Structure formats: structure tokens, C-alpha cells
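Quick notes on the structure that follows.
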Amino acid sequence: MASDRPARSAVPDERTAKARYRRILRFAGVALAVTWWFELFLPRIGLGALAARGRTARLQRIARRFHALAVDLGGLMIKVGQFMSSRLDVLPPEITSELEGLQDEVPAVPLAGIRSVAEAELQVPLPVAFASFEPAPVAAASLGQAHRAVLSAKDAELAGLSTVVVKVQRPGIQLIVDTDLAALRRVGRWLSRVKVVSSRVDAPALVEEFAATSLEEIDYLHEAANGERFAENFAGDERVAVPAVVWERTSRRTLTLEDVTAIKITDHEALRAAGIDPAEVASVFASVMFDQVFTHGFFHADPHPGNIFVTPDSIGWTLTFIDFGMMGEVPPSLRRGLRRLMVATAARDGAALVAAVREVGVLLPSADTTELERAMTQLFARFGGMGFAQLREVDPREFRAFALEFQDVVRALPFQLPENFLLIVRAMSLTSGVCSALDPDFNLWDAVEPYAAQLVRDEGGNAVRDVLERGAAIAGTLARMPGRLEKLVARVEEGQVSFTDPRLERRVGRLEQVARRLPSSIMFAGLVVGGALVRPEDGVLGGVLLVASVVPLLHAVFAGRGR
């Protein structure tokens, strides 16, 4: 084994950081060179068929090598693999499928290392900060690990609880994160110089998006604030619980939370032993995740089974969420687009679905979506409404035939997932996986439709508002048009504008007639709309307005006929 491979169990220093940096760049350089040779150079010299012959195996080989590198290095490399596995818009399926199973599980840091970090952050010895602190971790990840502990009597009285879980960052993790981000930024600059890549994706921007998420994840004060915000969103909701933060024992690198360990959400045996129906848990979990994305606009972006417990109580059970390091926000504009996306999905409307996809920014305005609309319509017609159990009974050859028919259509479209959309895709994908694990017959359509029905009712008011706003804009344009046409006609009559083409003269004459009719047309429309709106409440006034609209209508129809 090469001597420059840093040991993850040791606290990193400048030398191991440099070796780590070189190793990441070496892997990236080889992968890019192989890709350039087979995907760009060989097709240019007429050997494209040769390059295509082994493409699947070649891409899988690169993905497997990265998988091994990420597991060996830890740090942000595992996060990079998880990040890439969800970038279906940028990377081919041969790579994303190989990285899907990459888990954030690493050897534990010895207690001495954890103690040094915790005592430096809390400014007191560990036995003073806690009455007891279990040396064996509950969980160990690439960025930190968690230990069970008991608060001191004084802190327990202040916090109103005693048993806690303490998350402590791994020693030297900041240096590892900085090193990994420096290497990734350099790779991003390399990719930005490759035209075939830069035309599809802004690689440096993608790296910065990942960097921002990663830096937030290692700031435990940020995670604690996220947890409290999440709790406020579900205050009074009996379906959801969140662990309390013990702020007296929390800092940027140490986070102390109420110990809420309960039944893992996908533990079927434990759920049934507690008298809880897994299928009901699936339904409630899906509903809670929909609420986070579409109602609150602030959602848990990493809802894997290890981050959600089912907590039995005297009146039933609750879903208890933990680990708020990776959260997503949905701005109002994106939320509106997502709502319309959900309504279109529930209605199995392929054209509306594509329009909603364009609205949320996934498709560029220049994209020709005719074939995509056809693909979505056929997808809904064949598979829409099927549950996971039913889909498993479909002949796999049918799925392959559908994918082969439309893969070129999808790949040719100019699209990239917007920054805010990536975490939504991740959250919904994990939600679907958890629900199907809980209930093999879980039907995502059934979960979406009640929610979509409510969204349709909510969107009704928004639709009326949109129509009124557009109507006001059009009315404003129409109101200004007569004045503009009058000025144009005046300039023509004064000889300031002349026409040598008789057809143009006739058109100007028609414009003059339109200018005379427009005010009457606007008045007619206003009286008709006003009468229709008022009539249900005041039949007499509504009738008068409707009758009065006849006068401007007659003027609009016959004005200028004698000219």
C-alpha cells in the first residue's frame, strides 16, 4: 500500500493533509484522462463505436474505485459520493447506481481524542460537565461521533432532563474538510475548462453548493438552531417530536441533546410488538415529509431510517426526528412550482408536469419539451397509479423498453437540478425508500392524492389572483394603447410619417378604427365582469351593469363603419 495514505484513526497534520490532497487529485486526474480519451478523443478520430462498446464497464470501474477511495479516506469523500449518487441530471446511471450504497460508517475515534475535543469546547473536564459519559459511541461517522451521557445534577435541573446524547466532532476534522474542499475546488476548475462538461453543468458552482452544505453540517450551533426551528414548525402537532437542546453543554464542535432513542422506524418486529402498524407509520411519515416541503418550506434533507424513531406513548406514538445538520429550504417561488408539480403528478397530466418542471427551473427556457411530454403521458398511461407491489409484478423488459425508448430524449434536454432542488430530490427519494420498507404495498399515489387535493383547493385562490393580476396588466396596456395609436395617427396625418405601400396605408386605417373602439371595449369588459361578480349578492345592481354594457358594446362594433 502506498505510504502517502493517511491513517484516519490518527489526528491529521499538515503532512497527512497534503498526502490526502494529492491522492484525491491523482484519482480525479486519472478519471478525467480516461474519460477524455474514450468520450472525446476516440469519437473524433472515428472510433466512437470502439469507445461505446465498453462504456458501461468503464464507468462502473471508475465508480467502484471512487467508492473504495471514499471509504478509505472518510471525511468529506463519503459525503461527495452520496452527493454524486443523487446527481442524476449530471452523471450517468452507471456511476450513480454504484454510489447509492455508500454509507457514512467509519471506525470510532478512541475516547481520549473525543475527550480532548469536548473538554476544549466546553472549557471544563468531562467528569465535571457530565455525571457519566459512556466510552463506547452510539454511532460513529466521518465527521463526528455520538456518546450517551448523564447530565450533572445542576445541569439536569436547568434542562429538565438527565439522559442525553453528546455529539462530538472528530479531532482534526476541520483540516480534513478544508483539504477536501481545496481539492474539490481544483477539480471543479479542471472541469470548467472541458466544454462538454461546462455546457451541461457549472462545476465550480456545484462544488460551492456542496461546500456550503458541508460547512453548515460541521457547525453544531447551526444544527441546534435548525432543530429548534423544526420543532417550532411542528409545535402542537402530535405526530412529530424533536429532542431538546441542552445549550449549556453545546458549542460549535459539541452538541448535547435529549436522548430520544426509541424504535427505529423500519424495525417491523419492534413496531408490531408495541402494537403499531408499520403501514400506518408509512402513511404518517409520508404526510409529515410532504408538510415539511410544501407547507413549511424547511425540511429534513437526510431522513434515512437511522434519523427517525417511532416513540410509543400513552395515547399512541410519534415520529421523532434527529440529526438536523442537513436541512433544506424551499423559497416561495420554488414552493409554488413544486405544488403545481404535485398537482400535475396526482392528475397524471404529462403536459402539466413538464410545464411545472420548467417552472421550478429544472428545464432551461430553450428546451423543446414535445417529446418529453409524450414520454410523461405514456409513463402515466402505463404505470400511473400502481403501487410498489404492483410495479414489481411488471415484466422488467417493459421497464427496459420504456427507458430505452426515451433515454435519448431525456439526455438531450438542457437541464440541471437547481441548488434548492437537489436536497428535495434526496429527501423524497429517502422518504419513498422508508415507506416501501415499512409497507411493500405502499402506494405513493394514494399518499400524494389527498395532499394534492388540498393543494388544488389552495391553488384555486392563487389561480384567481394570477388571473386578476394578468388582467390588470393587460387592461393597463390596453388603456395606454389608444393614446399611442392617436399619436401615431396624428403623425401620419401631419405628414411626419409617410407610406408608399397601399397595404400599409390600409393597416394604419384599421389601427385608427381600433384606437376609437378600444375605450368602448374596455368599458364593455369592465361592466360585464362587474355585473357577473355583483349579481349573486345584488341582483338589481348586477342586472343594471349587464344591461349598461350593451351601449359600449354597440359602439365598439359599429364605430368607424361609416368611414
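Bear in mind the structure is a predicted one, so any value in this text is a computation, not a measurement.
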Side-chain donor-acceptor contacts of residues 119-136 below 3.5 Å, not counting sequence neighbours, with atom names and distances?
unit_1 : atom_1 : unit_2 : atom_2 : d
Glu119 : OE2    : Leu126 : N      : 2.8
Glu121 : OE1    : Ser251 : OG     : 2.7
Glu121 : OE1    : Arg253 : N      : 3.3
Gln123 : NE2    : Ala120 : O      : 2.7

For residues 268-276, run the donor-acceptor check on the side chains, cut-off 3.5 Å, and write out each pair with its distance to 0.1 Å, sequence neighbours left out.
unit_1 : atom_1 : unit_2 : atom_2 : d
His268 : NE2    : Ala437 : O      : 2.6

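Rounded to the nearest 0.5 Å, atoms CZ (Arg26) and CG (Leu69) are 9.5 Å apart. Rounding to the nearest 0.5 Å places CZ of Phe210 at 10.5 Å from CZ of Arg185.
A heavy-atom distance below 4.5 Å is not found between the side chains of Leu257 and Val164. At a threshold of 4.5 Å between non-hydrogen side-chain atoms, the residues Ile424 and Val330 count as touching. For the pair Phe290 and Met428, the minimum side-chain heavy-atom distance is below 4.5 Å. Counting only heavy atoms from C-beta outward, the side chains of Asp313 and Thr318 approach each other to under 4.5 Å. Phe321 has its side chain within reach of Val288: a pair of non-hydrogen atoms, C-beta onward, lies under 4.5 Å apart. Glu223 has its side chain out of reach of Glu217: every pair of non-hydrogen atoms, C-beta onward, lies at least 4.5 Å apart.
Centroid-to-centroid, the aromatic rings of Phe298 and Phe230 stay 6.0 Å apart or farther. For an aromatic pair to be called close, the ring centres must be under 6.0 Å apart, and His222 with Phe324 fails this.
A search for side-chain contact (heavy atoms from CB on, under 4.5 Å) contacts involving Asp180 returns Arg20, Ile24, Leu76, Met77, Ile176, not counting sequence neighbours.
Between Phe234 and His296, the two ring planes are perpendicular [angle over 60°; tilted spans 30° to 60°].
Looking only at atom types and distance, the side chain of Glu238 has no donor-acceptor partner in the side chain of Trp317 under 3.5 Å away.
Minimum interatomic distance between Asp439 and Ala279 (heavy atoms only, all atoms of both residues): OD2-CB, 3.6 Å.
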Full working for side chain to side chain donor-acceptor pair (under 3.5 Å) between Thr35 and Arg58: CA-CA 9 Å; Thr35 303; Arg58 186 169 59 252; over 6 Å; no

As a quick check of understanding, evaluate salt bridge (Lys or Arg N to Asp or Glu O under 4.0 Å) for Lys154 and Glu248, giving each step before the final call. CA-CA 11 Å; Lys154 181 179 178 182; Glu248 293 79 9; over 6 Å; no

